2 protein chains.
Amino acid sequence: MPTIKDVALAAGCSTATVSRALANPEKVSEATRLRVASAIDEVGYAPNVAARNLRRAESRTIVTLLPDISNPFFSEIINGMEEVAHQAGYQVLIGDCERDPARAEAYFNLLPTNQADGIILLTADIPRGLVRHADARADAPLVMACEFFSDVDLPTVTIDNYQATAHAIEYLVSLGHARIAAISGPVDNPICRERTRGYRDALTAGGLSSSAHVMEGDFGFRSGYQQGLALLDGADRPSAIFCHSDEMAIGVLKAARQLGIRVPEALSVVGFDNIGFSEYCEPELTTVSQPRHEIGQQAMHTLLNLLAGEAVVRRQTLSTQLIVRKSTGRPAA
Amino acid sequence: MPTIKDVALAAGCSTATVSRALANPEKVSEATRLRVASAIDEVGYAPNVAARNLRRAESRTIVTLLPDISNPFFSEIINGMEEVAHQAGYQVLIGDCERDPARAEAYFNLLPTNQADGIILLTADIPRGLVRHADARADAPLVMACEFFSDVDLPTVTIDNYQATAHAIEYLVSLGHARIAAISGPVDNPICRERTRGYRDALTAGGLSSSAHVMEGDFGFRSGYQQGLALLDGADRPSAIFCHSDEMAIGVLKAARQLGIRVPEALSVVGFDNIGFSEYCEPELTTVSQPRHEIGQQAMHTLLNLLAGEAVVRRQTLSTQLIVRKSTGRPAA
DNA sequence: CTGAAAGCGCTTACAG
DNA sequence: CTGAAAGCGCTTACAG
């Protein structure tokens with residue numbers, strides 16, 4: 001591979017000048033710039049980024065940690081992050097943690113080894129010690145998106161989970177539902193707690209506090225299906241179920257079908273996230289939409305600003321939207 | 001950050017010895033190894049990987065290029081790749097190309113700039129010039145998985161698309177279907193051509209060649225829905241539709257529902273890929289399952305072997321399975 | 001088994 | 001506007 005030396009030779013200048021022509025073209029004369037450009041073409045030069053990174057003590061790589069890459073919820077967030085990152089000359093490394101602390105640790109280890117300049121966490125399911133330790137070093141910024149820690153204070157980009165949930169529940173109450181159950185994500189997850197608070201408060205506000213009934217799931221299809229069966233198989237079943245993810249809501253739809261319970265006639269179901277599939281299930285799902293692309297963009301902007309030493313808003317709250325489709329309606333008389 | 005010099009100082013040896021203790025512990029005495037180990041702990045040393053990579057002229061990074069990260073089909077393949085890569089000390093950079101040649105080019109550019117050691121392509125939708133150029137340089141290996149090029153000969157890990165499709169069609173024929181349509185992915189995609197060949201040949205073998213009817217989709221929900229409507233809205237509609245992806249099959253399910261056509265009573269639908277969702281749609285989808293995890297593992301193994309200068313099998317064909325669920329049945333009498 | 005030294009390919013004060 | 005030189009943090013023949 002040709003190096004910067006070859007270019008300097010071909011252009012009849014020093015390597016310093018070639019380097020400047022590339023990084024600070026305004027510091028180089030027009031004529032030199034042109035000679036360097038054609039020399040680069042001539043020898044087929046591409047800068048060795050490892051060498052540049054070593055010299056500049058940066059990697060231009062941002063890691064984003066996900067709980068599960070197979071969840072389509074994250075793809076649009078990643079697109080938003082990449083858009084901003086690429087534009088700033090950074091690349092993003094996607095780290096799938098799969099609830100495995102060893103995996104998370106391996107990704108955090110990219111920081112001290114100079115392979116990553118910062119991390120965006122899309123999950124709170126990370127060993128707290130890792131986060132605290134990395135945060136304390138303070139030479140590599142950490143940003144949280146979608147989720148948050150209750151006990152570590154990182155710059156965060158989220159929606160208002162409390163409000164979004166309360167709004168969905170109010171909608172169900174307004175339809176006339178009096179028995180509204182919920183299937184939560186992991187109950188120790190802070191966003192699930194927020195949602196459950198919103199759920200309870202909205203029920204109370206509607207005079208329905210005694211109907212509160214929360215089951216725990218894990219955001220996946222299967223847990224929605226299983227908890228749906230449990231919820232619907234009993235004697236006095238709910239007339240509506242609010243789920244913390246679309247996948248779980250779709251699992252509930254399957255459970256209802258299996259038990260011969262018609263949606264929305266005999267059961268209303270609300271999901272969360274508005275994944276692509278929510279428009280193609282039967283019936284189409286009413287769900288809470290998060291501005292995923294924007295969450296990704298903002299999170300990356302925040303991280304890059306931190307890297308640039310600029311001040312950032314520590315809590316950004318983006319707005320959600322309740323998308324009413326066909327899985328909700330008035331309860332049977 | 002402490003460097004190898006700090007460790008050498010603390011251990012009372014040279015940096016060369018520290019380096020060896022890390023990379024080739026067997027070349028260092030027990031006592032030294034121990035002193036180095038505790039010195040590393042003491043000073044909190046983590047090697048600067050950019051420096052190491054520069055020196056070794058490698059990046060220990062493999063890029064994988066996808067057509068669309070939001071398609072859950074790829075996640076299990078990625079898991080397989082990461083498993084093998086991490087074990088060998090490599091990391092995987094996921095490149096979402098989104099049918100944008102500029103994106104693909106940016107990822108290919110990681111090769112000459114020493115940011116990646118090789119690329120695994122999970123899509124054939126890449127400007128041919130890029131691939132040819134990268135392949136010609138021959139210092140960074142390219143491996144193809146799932147798809148393949150008809151005109152560039154890369155080591156490839158695939159299934160037998162012809163056979164898998166023929167088998168699915170034979171199954172529909174054996175059920176008694178005489179009008180079997182298909183919704184293909186992009187028709188210029190080699191795997192879609194293979195599948196269409198398998199489809200036609202199986203129809204011919206069943207004495208049904210005149211029923212062949214192929215519509216073009218793009219693998220996504222929406223195109224399946226639209227082509228499904230087109231196929232089902234006419235006078236003499238098919239009694240079965242074979243789709244090149246589960247998402248399109250699920251789109252067809254929606255189209256049928258909308259037209260009041262019952263599945264499987266009045267229409268049989270077969271998908272391809274066995275994504276998680278195929279078990280949660282209504283009805284559960286009959287589909288062709290690919291060994292996704294294994295495809296990912298094999299593709300990465302192949303690439304790492306190439307990197308190590310070892311000989312590799314240039315075409316690996318893994319087996320598929322027709323998973324019969326509830327979206328297929330005998331046609332109405 | 002160990003160390004001195006060169007060098008990987010860049011960038012960047014410094015001097016002119 | 002340009003160049004000589006130092007140095008980023010490693011690794012690895014080479015010599016002992």
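Just so it is clear, the model here is predicted, and its values are computed rather than measured. Just so it is clear: chains get the letters A, B, ... in the order the sequence lines come, proteins before strands, and each one is counted from 1.
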Base, sugar-phosphate or nothing for [X]? Non-hydrogen atoms, less than 4.0 Å.
X	result
A/E58	nothing
A/K27	base
B/A57	nothing
A/E30	nothing

In whole angstroms, how far is the [atom2] atom of [N] from the [atom1] atom of [X]?
X	N	atom1	atom2	answer
A/R35	D/dT2	CZ	C1'	11 Å
B/Q115	C/dC8	CD	P	20 Å
B/N48	C/dC10	CG	C1'	14 Å
B/R60	D/dT11	CZ	P	12 Å
B/R52	D/dT11	CZ	C1'	9 Å
A/N53	C/dC8	CG	C1'	14 Å
A/D6	C/dG9	CG	P	9 Å
A/K5	D/dG3	NZ	P	16 Å

Could you work out which one of [options] sits closest to the side chain of [X]?
X	options	value
A/R56	D/dC10, C/dC10, C/dT12	C/dT12
A/Y45	D/dG3, C/dC10, C/dT2	C/dC10
B/A16	D/dT12, D/dA4, D/dG9	D/dT12
B/L54	C/dC8, C/dG3, D/dT2	C/dC8
A/S19	C/dT2, C/dT11, C/dC10	C/dT11

Check whether any side-chain N or O of [X] sits under 4.0 Å from OP1 or OP2 of [N], and answer yes or no.
X	N	result
B/T3	D/dG9	no
A/S29	D/dT2	yes
B/T17	C/dC1	no

Original post:
Using atom C1' of each nucleotide, how far apart are D/dG16 and D/dT12 to the nearest Å?
Top reply: 16 Å
Original post:
How many angstroms lie between CD in B/Q298 and CE in B/M81, if you round to the nearest 0.5 Å?
Top reply: 13.0 Å
Original post:
How many angstroms lie between atom OG1 of A/T64 and atom CG of A/L121, to the nearest 0.5 angstrom?
Top reply: 7.5 Å
Original post:
Do B/R55 and C/dG9 have a side chain to base donor-acceptor pair shorter than 3.5 Å?
Top reply: no
**OP:** Please check if atom CD in A/E310 has more than 12 non-hydrogen atoms from other residues, nucleotides or ligands closer than 6.0 Å.
**Re:** yes
**OP:** Could you please name the partner base of D/dA4, counting Watson-Crick and G-U wobble pairs only when both distances are under 3.5 Å?
**Re:** none
Subject >> Complementary nucleotide of C/dA13, counting Watson-Crick and G-U pairs under 3.5 Å >> reply: none
Original post:
Mapping B/A51 and A/R20 to their closest nucleotides on DNA chain C, which lands nearer the 5' end?
Top reply: B/A51
**OP:** Answer yes or no: is there an ion pair linking A/D96 with A/R103, defined by an N-O contact shorter than 4.0 Å?
**Re:** no
Original post:
Got a salt bridge between A/D153 and A/R315, using NZ or NE/NH1/NH2 to carboxylate O under 4.0 Å?
Top reply: yes
Subject >> Toward the 5' end of DNA chain D, by each residue's nearest nucleotide, A/T15 or A/R33 >> reply: A/R33
Original post:
Among B/R292, B/E83, B/E82, whose side chain to side chain donor-acceptor pair (under 3.5 Å) with B/Q297 holds?
Top reply: B/E83
